[in-house]
Amino acid sequence: MIRGCKICGISDSETLNFIINHTYPPKFIGFICNYPKSSRYIETKNLKKLLDVKKNKSEFVAVLVKPENEILEKIKNLPFDYYQLYDCTPNEIKSIKEKYQKKIITALTIKDKFDVNKHKYFSDVTDIYLFDSKGYEKSEKFDHNLIKTLKLNKELMIAGNIKFDDNLKNFKKIANFIDLSGGLETSGLKDKSKIEIFLNNLNKVKNET
């Protein structure tokens, strides 16, 4: 059952204020903290200014690709509720979780069933699983059927080139949360009209019996 969504790759205050104050705000808002290859990457000094807001009903997520101690120390006092971690081992995640006392979204990039099965190694250290494509900053797809019958002991978030106007009913039996980034953009920038359509459609699906 879909419980909400994450809008990822926010890098400007106008968009952040729009979604925080939306009638149907996202459950999570993600910020790219240490991956300069992404056009959505935001430097720490700018991140501090951006996050100096009232979160209202949303929770903030630091998106981190195999983070080193330097970036973890720089962001440790920022108002993040979750760390979303790519390319980390279970032991690395455990260490980060214990040291910084953050909830963890473990991001697994999926090409085939072998990648899906890696989830079992992270069951003791993750709070939410994110199944994403191999594209990282490129918003590629993966076959969502690979996780259709998956039984997990934690909640599941799904990404992978999902569009703002996709039929969200298709994900009701697969995921608890839907994660969009590039699907909410026009010419590489967040598009408030697409965000509006997506959040309204998601609310309709959530409230359907």
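- The 12-atom threshold is not exceeded at CG of D52, counting heavy atoms of other residues, nucleotides or ligands nearer than 6.0 Å.
- Considering only heavy atoms from C-beta on, L168 comes within 4.5 Å of F198 through its side chain.
- Within 6.0 Å of atom NZ in K97, more than 12 heavy atoms from other residues, nucleotides or ligands are found, so the atom counts as buried in its surroundings.
- Using a cutoff of 4.0 Å between basic side-chain nitrogens and carboxylate oxygens, E185 and K194 are not scored as salt-bridged.
- Atom NZ of K55 is surrounded by more than 12 heavy atoms from other residues, nucleotides or ligands within 6.0 Å.
- For the residue pair N207/N203, the side-chain donor-acceptor check at 3.5 Å is satisfied.
- The existence of a salt bridge linking R3 and E155 is confirmed by a sub-4.0 Å separation between a basic side-chain nitrogen and an acidic carboxylate oxygen.
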Atom pairs and distances, side-chain donor-acceptor, residues 17-26, under 3.5 Å, sequence neighbours left out:
residue	atom	partner	partner atom	Å
N17	ND2	S13	O	3.0
N21	OD1	N56	ND2	3.1
N21	ND2	N17	O	2.8
H22	ND1	Y24	N	2.8
H22	NE2	E196	OE1	3.0

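- Using a cut-off of 4.0 Å between Lys/Arg side-chain N and Asp/Glu carboxylate O, D87 and K66 are scored as not salt-bridged.
- Atom CZ of F31 and atom CG of L78 lie 10.0 Å apart (nearest 0.5 Å).
- Without hydrogens or angle criteria, Y82 side chain to D127 main chain gives no donor-acceptor distance under 3.5 Å.
- Using a 4.0 Å cut-off between charged side-chain N and carboxylate O, D143 and K111 make no salt bridge.
- With no hydrogens or angles considered, no side-chain donor-acceptor pair links N91 and T89 at under 3.5 Å.
- With respect to the salt-bridge test (charged N to carboxylate O, under 4.0 angstrom), the residues E70 and K74 qualify.
- Remark: the N34 side chain and the Y41 side chain contain no N/O donor-acceptor pair separated by less than 3.5 Å.
- Here the side chains of D179 and I158 are not in contact, with every heavy-atom distance at 4.5 Å or above.
- Distance alone, capped at 3.5 Å, is enough to place a donor-acceptor pair between the K102 side chain and the F80 backbone.
- Side chains of F131 and F142 form a contact here, defined as non-hydrogen atoms less than 4.5 Å apart.
- By the 6.0 Å contact criterion, NZ on K94 is open, its count of non-hydrogen atoms from other residues, nucleotides or ligands being 12 or less.
- Other residues, nucleotides and ligands place more than 12 heavy atoms under 6.0 Å from the NZ atom of K113.
- Taking the side chain as every heavy atom from C-beta outward, P67 and C88 approach each other to under 4.5 Å.
- Between the side chain of T15 and the backbone N or O of K190, no donor-acceptor pair lies under 3.5 Å.
- Residues L108 and K118 approach most closely at CD1-C, 4.3 Å, considering heavy atoms.
- A salt bridge links K99 and E73; the closest N-O separation between the charged side-chain nitrogens and carboxylate oxygens is under 4.0 Å.
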